[in-house]
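As structure tokens, the structure follows; a few thoughts come after it.
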Amino acid sequence: MKAELMLLQLELQKLWLNRASKVLIFISFVLPFFVLLLASFKIDFFGLFTLELGELGVFNFPIIWHITTFFAAQFKFFFAIVVVSMIGNEYSNRTLKQNLIDGLSKNQFIRSKFYTIVFFSLISTILIFVLSLGIGLYYSSYDELSIIIQGTEFVLAYFIKLVGFFSLCLFFGVLFKRSAFALGFLFVLFIGEWIVYGIMKYNFRNTDSSLPEIIQDMFPLKSMNKLIDQPFQRILISKFPDQTDLAYDYSVHSLEIGTVLIWTCIFLFSSYFLLKKRDL
């Protein structure tokens with residue numbers, strides 16, 4: 001445990017000495033909470049009417065866990081820049097080679113990056129949990145403990161989603177060595193997943209097979225997005241319960257969690273394999 005803490009401390013010191021990283025970390029933590037807090041304010045539209053989302057029931061338990069984690073996850077890109085920069089700076093500043101000369105193994109190098117990912121993901125998850133709980137207790141019409149804790153699986157899904165996505169960024173950072181290429185390939189991967197899905201859908205166009213959707217849900221980015229589905233239909237269902245055509249499965253499933261965890265392991269082992277085989 002002491003060795004793990006030392007590796008984490010080493011990475012935190014590097015980030016603290018980098019002004020750009022400090023700014024991006026600050027933004028990645030503050031911006032989601034600012035948006036969520038802003039959503040809880042009363043908005044006056046030129047004196048014509050006042051909109052208060054809290055009065056619409058969107059901050060009721062248990063739906064608030066779904067809403068806050070979904071929107072907070074949209075800001076993960078800011079810390080993704082930090083993750084790929086951690087690797088890019090190691091190569092550009094030649095600190096990776098120096099660390100290895102000083103006795104840091106390649107395994108420890110990858111572990112230090114992963115511990116940093118888990119550390120910041122955990123902090124973000126705790127803050128989202130506290131903020132959601134506070135807003136929910138203020139606005140929600142329900143105060144029973146059984147209802148309050150219902151839906152907290154979205155908080156776990158949020159944590160796993162962050163760890164999985166940042167592990168993917170770590171892999172791309174090691175693969176391409178440069179932050180711009182690593183971030184650009186995230187977009188290429190996103191487009192590529194949809195192209196593959198489109199090809200499969202076209203090949204199965206004359207059948208009722210759901211195989212294209214099943215395979216698509218196993219893709220890296222798609223599986224991470226599936227962890228927390230969009231909450232908009234769920235909000236409409238709560239307002240119009242008779243509209244059965246709006247029904248959809250928004251729950252967090254163990255299969256989705258398992259898929260993202262498998263991809264996380266693949267990204268970490270692939271990062272270590274690349275670093276081990278690469279001539280530094």
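We're numbering straight along the sequence, starting at 1.
- For the side chain to side chain contact (heavy atoms under 4.5 Å, CB included) criterion with Ile117, the lone passing option out of Leu162, Leu268, Leu170, Leu122 is Leu170.
- A donor-acceptor contact under 3.5 angstrom links the side chains of Glu213 and Tyr197, judged on distance only.
- There is no side-chain donor-acceptor pair under 3.5 Å between Thr259 and Ser223.
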side-chain contact (heavy atoms from CB on, under 4.5 Å) between Ile266 and Phe171: does it pass, once the steps are laid out?
CA-CA 9 Å; Ile266 291 174; Phe171 169 66; over 6 Å; no
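- Between Phe75 and Phe78, the two ring planes are parallel [angle under 30°; tilted spans 30° to 60°].
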Show your reasoning for whether side-chain contact (heavy atoms from CB on, under 4.5 Å) applies to Arg234 and Tyr248.
CA-CA 8 Å; Arg234 186 178 179 183; Tyr248 76 116; 3.7 Å; yes
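- Taking the six-membered ring where the residue is Trp, Phe176 and Phe185 present tilted rings, their angle falling between 30° and 60°.
- Taking a 6.0 Å sphere around CZ of Phe29, one finds it holds more than 12 heavy atoms contributed by other residues, nucleotides or ligands.
- Shown here is Arg111, whose CZ atom has more than 12 heavy atoms of other residues, nucleotides or ligands within 6.0 Å.
- For Trp16 (side chain) and Ser21 (main-chain N/O), no donor-acceptor pair under 3.5 Å exists by modelled atom type.
- At distances below 3.5 Å, not a single donor-acceptor pair connects side-chain atoms of Ser140 with backbone N or O atoms of Leu137.
- For the residue pair Thr68/Tyr158, the side-chain donor-acceptor check at 3.5 Å is not satisfied.
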